[in-house]
Peer 1: 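Sending over a structure as structure tokens; questions will come in a sec.
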There are 2 protein chains.
Amino acid sequence: MLRLKTDPMKRHQVTIIDIAKELNLSKSTVSRALTGHPSVNAVTRQAVLELAEKLDYQRNMLAISLITKKTNTIGIIVPEFYSSFFPNVIMGAQEVAGKAGYNTVICQCNESYETEVANTKVMLANQVDGILVSITKETRNFDHLKIFHRKGIPIVFFNRVCDEMDVPKVIVDDYDGAYRAVNYLLEKGRKRIAHLAGPSSLKISEKRLSGYKAALKRNNIELDEDLIISYDLSMDKVKIYVNHLLNLERPPDAIFAVNDPTAIEAIQVIKKRGLRVPEDIAVVGFSNDYASGLIEPSLTTVSQPVKEIGQTAAQLLIEQISRDVSDWKTIIRVLKTELIIRKSS
Amino acid sequence: MLRLKTDPMKRHQVTIIDIAKELNLSKSTVSRALTGHPSVNAVTRQAVLELAEKLDYQRNMLAISLITKKTNTIGIIVPEFYSSFFPNVIMGAQEVAGKAGYNTVICQCNESYETEVANTKVMLANQVDGILVSITKETRNFDHLKIFHRKGIPIVFFNRVCDEMDVPKVIVDDYDGAYRAVNYLLEKGRKRIAHLAGPSSLKISEKRLSGYKAALKRNNIELDEDLIISYDLSMDKVKIYVNHLLNLERPPDAIFAVNDPTAIEAIQVIKKRGLRVPEDIAVVGFSNDYASGLIEPSLTTVSQPVKEIGQTAAQLLIEQISRDVSDWKTIIRVLKTELIIRKSS
DNA sequence: CTGTTAGCGCCTTCAT
DNA sequence: ATGAAGGCGCTAACAG
């Protein structure tokens, strides 16, 4: 529970009153000078500004926000900080938000639904003007997010979106990316391509899986359900699944992983077993994380325009914020992916 | 400049008054029920709580903070999000802060001093209860941080600390880490060890450099200034410096880099030139970033207890917050490093 | 146990 | 060009 008692020592904050007294002015005049209101004597303004500077006066945004009902703050909720993906998206979003005069408060959920719910409450209590969110792998119920919608606080999804809410979303063409990746493997002569898929609760998993299936079908390869493993993205399980695949009577000659961390982990396991990548088994990932270009062999992967995802999402959110609820758009912005061919395939 | 006009459409916020009216109670009673004050009829409380839940009532932290002069928010300012280091420190800090009931607002500075100054203003305006900071490579003037001290807002440095401020700091033993790393290289028979150092404005650069020098001295190796290159940590320059080193008349047989990204980049350059790591030239980094274990050859590096740094820093900060200014401690917590020996040396 | 009052720091009418 | 008064949503003394 939250503690509330006022600080015993009361740090002294410099307030408008302080500078009003000092300069023998009314609070309103000082306030006007500080906010750049035109109707205030140039000399007075100058004096106020100088004193403010000298005293390290900082406007109390809490008080201002209380009045204006605007905090100029947007919240960003991401499921994890494990890979470089989300930090980079955040950088893109912060860039756009910052330029538009918005602050950002960031919450990371450790892939936990509970934490996500708690984080939304925090955002609400702190009166953010809008939120950007990518859900956790556990999130199946969206009531905590629908509240925002109901309260008229704009929300924009990115990457891991919520299907049942009619709000703007920024995604990449996961289906197409997966399709092209698998298609490439087939062109290179691979016959048995396994897929380490993500949890079906995430739309991106589903789309990447469809792309995978479509590519097989297009190339007249029969789908072998044994080669598809859906897992919950906990890295420690990758080892088990990859070993399982390699132990099959007819093991795969390629693995298409739902994301880069999975692919990277898979490569480690394969190498540890003394098999060669890509000679014995090719590996392709999804996202083009920072580490992908560094591992040996370097990872072939479907690159996402990470920064652009963040920028676009922030852009859409800011547009919504200045719009009336009744006027909200439910744009879905689909960004393009690119197949980065490296040595692992 | 900041825009202030009140939203034209005024989203309706559920307030204590709403539920007071509905239940025919006074605001104070409702408030008490909501805050778990004991002196309130169980039935009344129940009714209030239920209605609040039903209406998605959220206490307006802005208003509360305005009164209590406490936002239960701590700010974290980091120089970059490039490597996995800072995101991980943040996770550690958030864990501790969250448990203690604190929110976190995170600012990333892109290694820009200007941005850092702007970010501190944001923190101030939003009345954070304290800040955790690691400075940018450009930061030489600390006035923007001293303001916090003067205002009685606790500040704790970590990793990249400010020497001229008497506040708590969380660091690792950079000197010792560097010493052991270089010593190890010497034990392995390396004779000419180069050092890609960081900018001298950062204490960590200086300490790691001292450790490097000390190890050489202890082993009676003459210091060759040509083998020490200080640079500003902009990754694109690594290539130039490494090539420069390799082109020397008597090139080094090992490189000790100030951090992992630098070491990783160095390895790439070396490999591209057709040289072998570690046979022709060994490489050692500092930090044990996520990518270090993945590259080929895997990187020998000095590991820092990343999460613990964040946890300790948050811990210290929270202690300060509840203390009176006059009672602030200036503890410097030095955490241990560990030499992780991998294949690059 | 509950209601009343004052005020956190600031901005915004309305006056002058 | 400046002052005075009211109120944002809430809590913290006071009263009953």
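Naming: A, B, ... by sequence-line order, numbering from 1 per chain. All values below come from the heavy atoms of this structure, side chains included, with hydrogens, waters and symmetry mates left out.
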Peer 1: Taking all non-hydrogen atoms of both residues, which atom of F158(B) and which atom of S134(B) are closest, and how far apart?
Peer 2: O-OG, 3.0 Å

Peer 1: Rounding to an integer number of Å, can you tell me how far K69(A) NZ sits from dG9(C) P?
Peer 2: 20 Å

Peer 1: From dC8(C), dG3(D), dA1(D), pick the nucleotide closest to the side chain of R32(A)?
Peer 2: dG3(D)

Peer 1: Without decimals, in angstroms, what is the distance between N126(A) CG and dC10(D) C1'?
Peer 2: 15 Å

Peer 1: Picking from dG9(C), dT4(C), dC8(C), which would you name as closest to the side chain of N60(A)?
Peer 2: dG9(C)

Peer 1: For dC10(C) and T15(A) - does any side-chain N or O of the residue sit under 4.0 Å from the phosphate oxygens OP1/OP2?
Peer 2: yes

Peer 1: Can you see if the side chain of R59(B) gets near the phosphate of dT11(D) - specifically, an N or O under 4.0 Å from OP1 or OP2?
Peer 2: yes

Peer 1: Regarding S39(B), tell me which of base, sugar-phosphate or nothing describes its non-hydrogen contacts under 4.0 Å with the strands shown.
Peer 2: base

Peer 1: Considering heavy-atom distances to DNA chain C, does T44(B) or I16(A) have its closest nucleotide positioned more toward the 5' end?
Peer 2: T44(B)

Peer 1: Spell out, as yes or no, whether a donor-acceptor pair under 3.5 Å connects the side chain of T71(A) to the backbone of Q127(A).
Peer 2: yes

Peer 1: Closer to the 5' end of DNA chain C via nearest nucleotide, is it A42(B) or A63(B)?
Peer 2: A42(B)

Peer 1: How long is the line joining CD1 of I17(B) and P of dC10(D), in whole Å?
Peer 2: 8 Å

Peer 1: Decide if the gap between the ring center of Y113(A) and the ring center of H144(A) is smaller than 6.0 angstrom.
Peer 2: yes

Peer 1: Within the 3.5 Å criterion, strictly below it, is a donor on D56(A) or Q58(A) matched to an acceptor on the partner's side chain?
Peer 2: no

Peer 1: In whole angstrom, what separates L25(B)'s CG from dG3(C)'s P?
Peer 2: 6 Å

Peer 1: Under a 4.0 Å N-O cut-off, is there an ion pair linking E50(B) with K54(B)?
Peer 2: no

Peer 1: Given atom CD of Q58(A) and atom C1' of dC10(C), what is their separation to the nearest angstrom?
Peer 2: 15 Å

Peer 1: Could you check how far CE of M61(A) sits from P of dC8(D), rounded to whole Å?
Peer 2: 19 Å

Peer 1: Between S31(B) and dA12(D), is there a side-chain N or O to OP1/OP2 distance below 4.0 Å?
Peer 2: no

Peer 1: Can you figure out which of dT2(C), dT11(D), dC10(D) approaches the side chain of Y57(B) most closely?
Peer 2: dC10(D)

Peer 1: Between dA6(C) atom P and K27(B) atom NZ, what is the distance in whole Å?
Peer 2: 12 Å

Peer 1: Taking the nucleotide of DNA chain D with the closest heavy atom to each, which residue, L62(B) or V40(A), is nearer the 5' end?
Peer 2: V40(A)

Peer 1: Whole angstrom is fine here: how far is it from NZ in K21(A) over to P in dG3(D)?
Peer 2: 15 Å

Peer 1: By nearest atom, which of the nucleotides dG3(D), dG9(D), dC10(C) is closest to the T29(A) side chain?
Peer 2: dG3(D)

